[in-house]
Amino acid sequence: MADNQQEEVSKKVSAEEEIRRGITVMRRVVQGRSRGIILDVCWNNQGQLIEPNGHTLTSFIGALVRNEIPITCDDWRNKELNESKEKIWSEIKRCFNIEEERRGFCMKLAGKLLRGFRTFLSSKFLKDADGNFVDAELPKKYESLISAEEWEAFKSKRQDPVFQRISATNRERASSPAYPYRKGRVGYGRLEQSMLQKEESSETSLPAHVLWKEARVGKSGVPQEEVLHVYQKCEELSQSISPNDTKGILSRALDVPEYSGRVRGKGFGVTLTSLSVKKGKAPSNRELHARLEAMQAELDALRREREASASTVYRDASDKNSINCTIQPNIPEGISHC
C-alpha cells in the first residue's frame, strides 16, 4: 500500500497545477492530499521515524517550519510560537496518517530543522572562507520565506558579541570530531532499518555500539582503526556489563562526559524512557505511603483468606466428631473389637 501511495504522489503535474513555493510546501504531498492520498508513516520500537515515508515527513516538516517560524526565533520553547506550532501539527495530520502521541517527536524535529536552517543561512551567506562576517543581501531564493526586516534582524543577531562567543565555542568543539559521522542525512533510525533488512534479521533493534561503528564507515566501506578499537572495547565490555546499564557500554568505551538523558549511538528521538532504561530515583514520601498501603491491603486480604480456610477445616472436623456410629462391624469369633 505504501508503494502505491508513493507512486501516486510522485506523479508529475502540469504547469497549471503547480503551486509556487511560499504559498504552500512540498507540492507532491499537498496535491496528493487533495486527491485523497494520506501517507502512512512508520516508527521503530524505539520511537524513531523510519521508511516508508520517513524521509518525506522529515522534509515536509522542514518546509513547514521554514514557512511558519521566522528565522529570528532563537528560543523554540517560546510560548508565542504555540499558534504556529499548532498550525504545523495540523498540516502534518492533514497529509500523513500519524498518531497524536507522535506530536512531541515532530515538534522536536521541527525545532532541530529550524536550527539547521539558521546555521545554513549563516554559514552560506554571512561568512567568507575564513569565517569572517559578510554583510550580504537577502538571497533571492528565500525572498518568499524571509522578509527584508527579518533578514536585517537576523544579521544583527549574528554580529552580537555574546552570540559570536557562543558560536566560536561551538564551532571549535565541532571542528575536529574524533569519530565523525559519515552517513550524511541518513539518521540512526533509517540506518538501523537498512542494516536489519540487509541482514534479513528478525531482530527489531541493534546494539548501540554496532550502529555507532556502521555510522562511521565512509564510501570506502572500511572503518578507521580508531573506530575499530572502540568497537572491540565495546565487545569486551558487553560481556561484563548489563545492557540496561544507565551509562551504557558505548559511553564507557569512549570515556567521555555525557549529557543528562542522552543515549549515545542511537540518534535523534531515542531517550532512556523509550529504551525502557530508567535512572535510579529515590521514591517520594507519597509514593512510599501508597506502596505501604497497597502492601497492607494485600496482607489483610491474605489474613482474611487464612482465617476463612481455618474456619472451614474446624467445621468439617466438628461434623465428623458428631457422627453416631450404630453399625457394628462383623468381627470373627474369638477376636474382641477395640
Side-chain angles (χ1 to χ4, degrees), residues 18-27 29-30 49 55-96 102-177 181 184-185 187 259-260 262 268-269:
E18 289 189 356
I19 305 173
R20 293 183 180 180
R21 181 171 183 171
I23 299 175
T24 187
V25 293
M26 291 194 69
R27 292 188 294 271
V29 174
V30 177
L49 189 60
H55 177 73
T56 302
L57 176 56
T58 301
S59 299
F60 186 71
I61 293 175
L64 282 175
V65 76
R66 289 192 294 270
N67 275 272
E68 296 298 331
I69 309 295
I71 58 174
T72 53
C73 171
D74 294 326
D75 186 4
W76 182 249
R77 296 167 295 182
N78 192 332
K79 294 183 179 180
E80 295 179 0
L81 300 177
N82 288 347
E83 184 177 350
S84 297
K85 290 180 180 179
E86 186 63 37
K87 186 175 181 180
I88 291 173
W89 178 239
S90 177
E91 286 297 314
I92 292 172
K93 290 196 297 182
R94 290 178 64 193
C95 297
F96 294 86
R102 304 296 183 180
R103 173 171 178 155
F105 177 93
C106 291
M107 290 298 102
K108 290 179 182 179
L109 179 58
K112 177 185 176 183
L113 295 172
L114 180 62
R115 291 194 302 272
F117 183 53
R118 291 200 305 264
T119 301
F120 164 76
L121 292 174
S122 181
S123 302
K124 181 73 174 179
F125 303 107
L126 300 181
K127 292 180 181 179
D128 59 17
D130 298 325
N132 300 316
F133 179 80
V134 176
D135 189 9
E137 297 293 331
L138 172 62
K140 292 185 178 181
K141 180 179 180 180
Y142 299 105
E143 288 179 348
S144 62
L145 300 175
I146 306 170
S147 66
E149 293 77 12
E150 288 176 354
W151 182 250
E152 292 301 321
F154 180 72
K155 290 195 296 183
S156 297
K157 285 191 174 184
R158 262 46 190 173
Q159 296 180 78
D160 182 77
V162 176
F163 176 85
Q164 292 283 351
R165 184 168 60 254
I166 297 175
S167 178
T169 301
N170 293 336
R171 186 167 56 251
E172 182 180 358
R173 184 174 57 186
S175 59
S176 55
Y181 184 86
R185 297 180 64 186
Y259 301 107
S260 176
R262 177 176 182 175
F268 178 79

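The nearest pair of heavy atoms linking I146 to E150 is CA-OE1, 3.7 Å. The nearest pair of heavy atoms linking C106 to I92 is CB-CD1, 4.2 Å. Listed here is the closest heavy atom pair of D74 and K157: OD2-NZ, 3.0 Å. Closest non-hydrogen pair, F105 versus G269, comes out as CE1-CA, 3.8 Å. For the pair R102 and W89, the tightest heavy-atom approach, listed with the atom from each and the gap, is C-CH2, 4.0 Å.
One finds the CZ atom of R66 at 7.5 Å from the CG atom of L113 (value rounded to the nearest 0.5 Å). To the nearest 0.5 Å, atoms CG (N67) and OG (S144) are separated by 7.0 Å. How far CD1 of I88 is from CD of E83: 11.5 Å, rounded to the nearest 0.5 Å. To the nearest 0.5 Å, atom CD of residue E152 and atom CG of residue L138 are 8.5 Å apart.
Side chain of D128 to main chain of D130: a donor-acceptor pair is present (N/O by atom type, distance under 3.5 Å, no hydrogens or angles).
Every residue was checked against the side chain to side chain donor-acceptor pair (under 3.5 Å) condition with N78, not counting sequence neighbours, and none meets it. Take R158 and apply the salt bridge (Lys or Arg N to Asp or Glu O under 4.0 Å) test, not counting sequence neighbours, and it matches no residue. Residues satisfying the salt bridge (Lys or Arg N to Asp or Glu O under 4.0 Å) criterion with E86, sequence neighbours excluded, are R103. Remark: D135 engages K155 in a side chain to side chain donor-acceptor pair (under 3.5 Å) (not counting sequence neighbours). Remark: S156 engages no residue in a side chain to side chain contact (heavy atoms under 4.5 Å, CB included) (not counting sequence neighbours). In this view, W151 and F154 satisfy the ring-ring contact (aromatic ring centres under 6.0 Å, His included) rule, not counting sequence neighbours. Not counting sequence neighbours, F133 has no partner by the ring-ring contact (aromatic ring centres under 6.0 Å, His included) test. Every ring-ring contact (aromatic ring centres under 6.0 Å, His included) that Y181 has, sequence neighbours left out, goes to Y188. For K108, the salt bridge (Lys or Arg N to Asp or Glu O under 4.0 Å) criterion is met by no residue, not counting sequence neighbours. Every residue two or more places apart in sequence or in another chain was checked for a salt bridge (Lys or Arg N to Asp or Glu O under 4.0 Å) with R185, and none qualifies.
With W76 as the aromatic partner, K85 meets the cation-pi criteria of under 6.0 angstrom to the ring centre and within 45 degrees of the ring axis.
Looking at L49, L109, T58 one by one, the single match for side chain to side chain contact (heavy atoms under 4.5 Å, CB included) with F268 turns out to be L109. Remark: of the listed residues I61, V30, L64, V29, L64 is the sole one forming a side chain to side chain contact (heavy atoms under 4.5 Å, CB included) with E91.
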Extract all donor-acceptor atom pairs below 3.5 Å that involve side chains of residues 114-127 and protein atoms in other chains or at least two apart in sequence.
unit_1	atom_1	unit_2	atom_2	d
R118	NH1	C73	O	2.7
T119	OG1	R115	O	3.0
S123	OG	T119	O	3.0

Which pairs would a plain distance check flag for residues 169-177, meaning a side-chain donor or acceptor within less than 3.5 Å of a matching protein atom at least two apart in sequence or in another chain?
unit_1	atom_1	unit_2	atom_2	d
T169	OG1	R165	O	3.1
N170	OD1	R173	NH2	3.1
N170	ND2	I166	O	3.4
R171	NH1	S167	OG	3.2
S175	OG	E172	O	2.8

